Amino acid sequence: MSKPSLPQGTRDFNAATVQKRQYIFQTIKSVFELYGFQALETPAMENLETLMGKYGEEGDKLIFKILNNGLDLPQKKQQTLEGVEKLLAGKSSLALTERALRYDLTIPFARYVAMHHGALNFPFKRYQIQPVWRADRPQKGRYREFYQCDADVVGSDSLLNEVDLMSVYLNVFANLKLPVEVKMNNRKILLGLAQFCGGEEKLIDLTIAIDKLDKIGWEKVQEELNTKGFSDAQQKIIQQYLNITGSNDEKIAQLKKLLGDNESVLKGIEELNYVLQYQLSSGMSKQLVADFTLARGLNYYTGLIFEVKALDTDMGSIGGGGRYNDLTSLFGVPNIPGVGISFGVDRIYDVMEEKNLFPPSIEQTTQILFFNLGEQEAQAAYEQMTLLRNKKIACEIYPEKSKFDKQFKYAEKKGIPNVIIIGTEELAKKECNLKNINTGIQTTIPFSELVNYKF
RNA sequence: GAGGGCGUAGCUCAGUAGGUUAGAGCGACAGUUUGUGGAUCUGUAGGUCGUGGGUUCGAGACCCAUCGUUCUCCCCA
């Protein structure tokens with residue numbers, strides 16, 4: 001027997017952790033519902049074809065694939081061997097893996113919409129809170145199994161959806177008392193920059209390099225741009241673009257000056273401005289920051305993109321999203337525009353733990369422990385306990401007759417605030433001794449009055 | 001995919017320059033106390049030092065491999 005262990009990047013959650021996580025889930029869920037989103041759940045696994053090719057080359061490698069059953073059947077031997085050959089060549093093989101664990105919630109959602117678009121009531125607003133899996137190498141804030149909480153609207157082009165989703169972000173983090181900044185950019189602006197600097201086909205190279213700016217600095221970014229074949233003149237424009245600073249309005253003014261004669265950039269600015277102005281009127285705009293260096297890895301985004309960063313911590317982004325104008329066409333159903341946001345609960349948890357932001361009140365446990373002092377006594381205690389349970393007071397009885405010491409310690413460690421002692425004396429007088437563990441105060445209460453006692 | 005740190009009792013760790021029977025604190029258990037806990041004191045249990053190989057008269061320590069874990073880069077939530 002080897003020591004039991006967990007697969008890399010996965011975790012067990014104890015009672016205290018579960019309660020704190022539930023607090024985050026509940027907060028997010030209630031805000032989603034407040035804004036008119038409805039729940040959806042999809043299976044942990046999807047057909048491999050549904051997922052492959054949706055997350056870029058890197059993403060495909062990180063998909064957890066599920067080995068097919070029945071590979072040992074003699075009549076499948078040839079297929080299996082061919083599959084292994086493909087695998088060794090670095091390709092995936094349906095002969096070996098037809099299914100995979102979902103990598104995010106957006107693609108399964110697009111698959112769902114494509115399957116049911118005839119029956120859905122558009123604009124369709126759904127939220128989804130489920131785990132996803134990535135075969136990534138674990139490190140700080142990065143796990144192989146983690147939860148995402150997504151809210152998406154499909155079937156509407158209106159920027160009012162973006163406004164609403166930004167409001168969801170700000171509302172959730174205000175409720176959690178977690179200070180954040182929501183960075184916003186527009187793929188159309190990046191597209192315009194690419195058109196200026198070598199053409200649309202360089203958009204991805206460009207965004208990847210730009211995205212690294214705050215991590216590796218301009219010089220390294222410049223090196224990367226060099227290797228990707230950007231000319232000196234183009235690099236100069238990119239540098240000017242990246243050097244844009246100031247308030248949101250100032251940044252936008254500078255961008256207009258730099259790239260204002262590009263149609264895509266102008267459109268992008270207009271959209272960005274729309275959302276910023278709208279939020280301004282609600283007084284929440286301070287946390288919304290235009291950041292033209294924001295790129296986002298997933299290339300299905302087409303419009304505004306967002307990323308949430310917790311302030312004063314080195315944790316990466318704790319949420320992100322954007323507009324994708326044609327996601328369902330990947331599944332053969334064109335012309336359903338959508339926009340969505342996502343929360344990374346596991347990282348939010350880590351940041352809140354780091355900053356000590358969980359309210360103490362969320363830790364709930366049993367209210368009363370009944371001592372067990374023998375068969376007769378326990379039976380009487382059980383009767384009283386049942387009455388209290390019917391009143392929705394959480395109680396438990398120590399399952400075996402033990403020394404006081406042991407029963408007290410049990411209550412103390414579990415954080416149970418009250419114990420009720422019913423021994424032979426109490427039994428004879430039909431009363432019980434209630435002791436508050438924290439104050440040490442002991443009260444005698446007749447059985448008949450216990451149900452009405454205010455704990 | 002690339003690179004670094006760390007694996008010694010349930011937990012946190014010590015273990016000096018390789019040298020007999022591997023230590024501490026906390027926790028657990030028992031007693032002090034068979035109806036009132038958190039304290040004190042006393043005692044007990046618990047480790048083939050992650051695993052496999054090698055160097056050596058001798059390895060927890062040194063070397064190699066391997067597994068696990070953690071962090072950084074890539075990428076991402």
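These numbers come from the heavy atoms of this one structure, side chains and all, not from hydrogens, waters or symmetry mates. What you are looking at is a predicted structure, and each value in this text was computed from that prediction instead of being measured. Quick note on labels: first sequence line is chain A, next is B, and so on, each numbered from 1.
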Exercise. Closer to the 5' end of RNA chain B via nearest nucleotide, is it A/Gly423 or A/Pro138?
Worked result: A/Gly423
Exercise. Should B/rG47 form a Watson-Crick or G-U wobble pair with both distances under 3.5 Å, which nucleotide is its partner?
Worked result: none
For this session: Quick one: label A/Ile421 by what it contacts on the DNA or RNA (base, sugar-phosphate, nothing), any heavy atom closer than 4.0 Å.
Result: base
Problem set entry | 5' priority, RNA chain B, between A/Gly141 and A/Leu6 [closest heavy atom] | A/Leu6
Problem set entry | Presence of salt bridge, A/Asp346 and A/Arg11, under 4.0 angstrom | yes
Exercise. Touch check for A/Gly319, heavy atoms < 4.0 angstrom, all strands: base, sugar-phosphate only, or nothing?
Worked result: sugar-phosphate
Problem set entry | Sequence-distant partners of A/Ser264, side chain to side chain contact (heavy atoms under 4.5 Å, CB included), two or more places apart | A/Lys188, A/Leu191, A/Gln195, A/Asn262
For this session: Pick base, sugar-phosphate or nothing for A/Asp405, based on heavy-atom distances below 4.0 Å to the nucleic acid.
Result: sugar-phosphate
For this session: Kindly assign one of parallel, tilted or perpendicular to the pair A/Phe358 and A/Tyr23, based on the angle between their ring planes and the thresholds 30° and 60°.
Result: perpendicular
Problem set entry | Of the listed nucleotides B/rG35, B/rG37, B/rU36, the one nearest the side chain of A/Lys409 | B/rG37
Seminar exercise, completed: side-chain hydrogen bond (donor to acceptor under 3.5 Å, both in side chains) filter on A/Thr366, not counting sequence neighbours, yields A/Glu396
For this session: Using a strict 4.0 Å threshold on nitrogen-to-oxygen distance, state whether A/Glu353 and A/Lys20 make a salt bridge.
Result: yes
Problem set entry | Mate of B/rC57 where both pairing distances stay under 3.5 Å, Watson-Crick or G-U | B/rG19
For this session: Using a heavy-atom cut-off of under 4.0 Å over every strand shown, decide if A/Gln407 touches base, sugar-phosphate, or nothing.
Result: nothing
For this session: Would you indicate what A/Glu377 reaches in the nucleic acid, counting non-hydrogen atoms under 4.0 angstrom: base, sugar-phosphate, or nothing?
Result: nothing
For this session: For A/Ser317, answer base if it contacts any base atom (sugar-phosphate contacts may also be present), sugar-phosphate if it contacts only those atoms, and nothing otherwise; contact means non-hydrogen atoms under 4.0 Å.
Result: sugar-phosphate
Problem set entry | Pair partner, B/rG3 [Watson-Crick or wobble, under 3.5 Å] | B/rC71
For this session: Please work out if A/Lys403 contacts a base, only the sugar-phosphate, or nothing of the nucleic acid, heavy-atom cut-off 4.0 Å.
Result: sugar-phosphate
Exercise. If we call it a pair only when both distances are under 3.5 Å in a Watson-Crick or G-U wobble match, what pairs with B/rG35?
Worked result: none
Exercise. A/Asn433 near the nucleic acid: base, sugar-phosphate alone, or nothing, with a heavy-atom cut-off under 4.0 Å?
Worked result: base
Exercise. A/Phe343 stacking on B/rA77: centroids under 5.5 Å, ring planes under 30°?
Worked result: no
Problem set entry | Nearest-Å distance once atom P is located in both B/rU8 and B/rC62 | 15 Å
